[in-house]
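Everything on this sheet refers to the single structure shown next.
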Amino acid sequence: MEVRASVEHALAGGEPQRVGWFRFYFADERWEWSPQVERMHGYEPGTVQPTTELVLSHKHPEDYGQVAATLDEIRRTSGAFSTRHRIVDTAGEVHHVVVVGDQMFADDGAVIGTQGFYVDVTPSVDEARQRIVTEAVAEFAEARGAIEQVKGMLMVVYRIDADAAFELLKWRSQETNTKLRALAEQIAADFLALDYSEILPDRVVFDRLLMTAHQRVRRDV
């Protein structure tokens, strides 16, 4: 048990650098970025106040139209969304990102904006880091099969690699203060409980389950 706990602590510990959160308030077009998202765009944390103009200015020219249209749709419908596109940071480096957002509510239940996360899925050039993460995940998989199962689900749903899927799962665990294993088991149960035949449900269904899974986790496990 102690060995298992130490492995889980080692993997769950540390701040994910490839995943970060954002918030967008409809009324005043106000944005908030986590330090990770600021760094994805090339800014040191706390040095920039994101605006809609700034957010769009970092979109890759070939993806600008898609993102602008998605933003217009969010304003119009106040719905959840997910998109995969490229951003260009302040140094001119291109990052491939997956962005998922869900409705943000006021205390009275009114939808006031959207909030969610960025995952930087740009292929890593740090082979040593990739090898360390791969070895750690392999060790962890022996004791935590649910995590490997959910990683595979996230890879299929969001078309991301194994490292990015694990970073996303770890980030949700930390953001919601939920044990990694318990969160993975809940996400797996939620995904497998979906009722469909030969065609997968719309991705927004998976987005919402992922963003709310922690609310259904038993806190005594």
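For reference, positions follow the sequence shown, starting with 1. Bear in mind that the values here come from a model prediction, so they are computed numbers and not experimental data.
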TODO: Would you please say whether a donor-acceptor pair under 3.5 Å links the side chains of Arg216 and Thr212?
DONE: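 Result is yes, a qualifying pair exists.
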TODO: Would you please name every residue forming a side chain to side chain contact (heavy atoms under 4.5 Å, CB included) with Arg159, sequence neighbours left out?
DONE: Arg84
Task: Set of residues satisfying side-chain hydrogen bond (donor to acceptor under 3.5 Å, both in side chains) with respect to Arg172, sequence neighbours excluded - done: none
Open item on the list: Less than 6.0 angstrom separating the ring centers of Trp33 and Phe22, yes or no?
Closed with: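 No: the rings miss the under 6.0 Å criterion.
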How many angstroms lie between [atom1] in [X] and [atom2] in [Y], if you round to the nearest 0.5 Å?
X	Y	atom1	atom2	answer
Glu44	Thr90	CD	OG1	9.0 Å
Gln115	Met211	CD	CE	6.0 Å
Phe117	Ser34	CZ	OG	12.0 Å
Gln149	Leu192	CD	CG	5.5 Å

Task: Test item: Leu168 and Leu210 side chains (from C-beta on) under 4.5 Å apart, heavy atoms - done: yes
Task: Result of checking Gln66, His96, His60, Glu62 against His85 for side chain to side chain contact (heavy atoms under 4.5 Å, CB included) - done: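 Exactly one candidate clears the test, Gln66.
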Task: Closest approach of Leu183 to Val217 (non-hydrogen atoms, all atoms of both residues) - done: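 Heavy-atom minimum between the residues: CA-CG2, 4.2 Å.
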Let me have the donor-acceptor pairs involving side chains of residues 103-113, under 3.5 Å, with sequence neighbours excluded, atom names and distances please.
from, atom 1, to, atom 2, distance (Å)
Gln103, NE2, Ser78, O, 2.7
Asp108, OD1, Ala110, N, 3.0

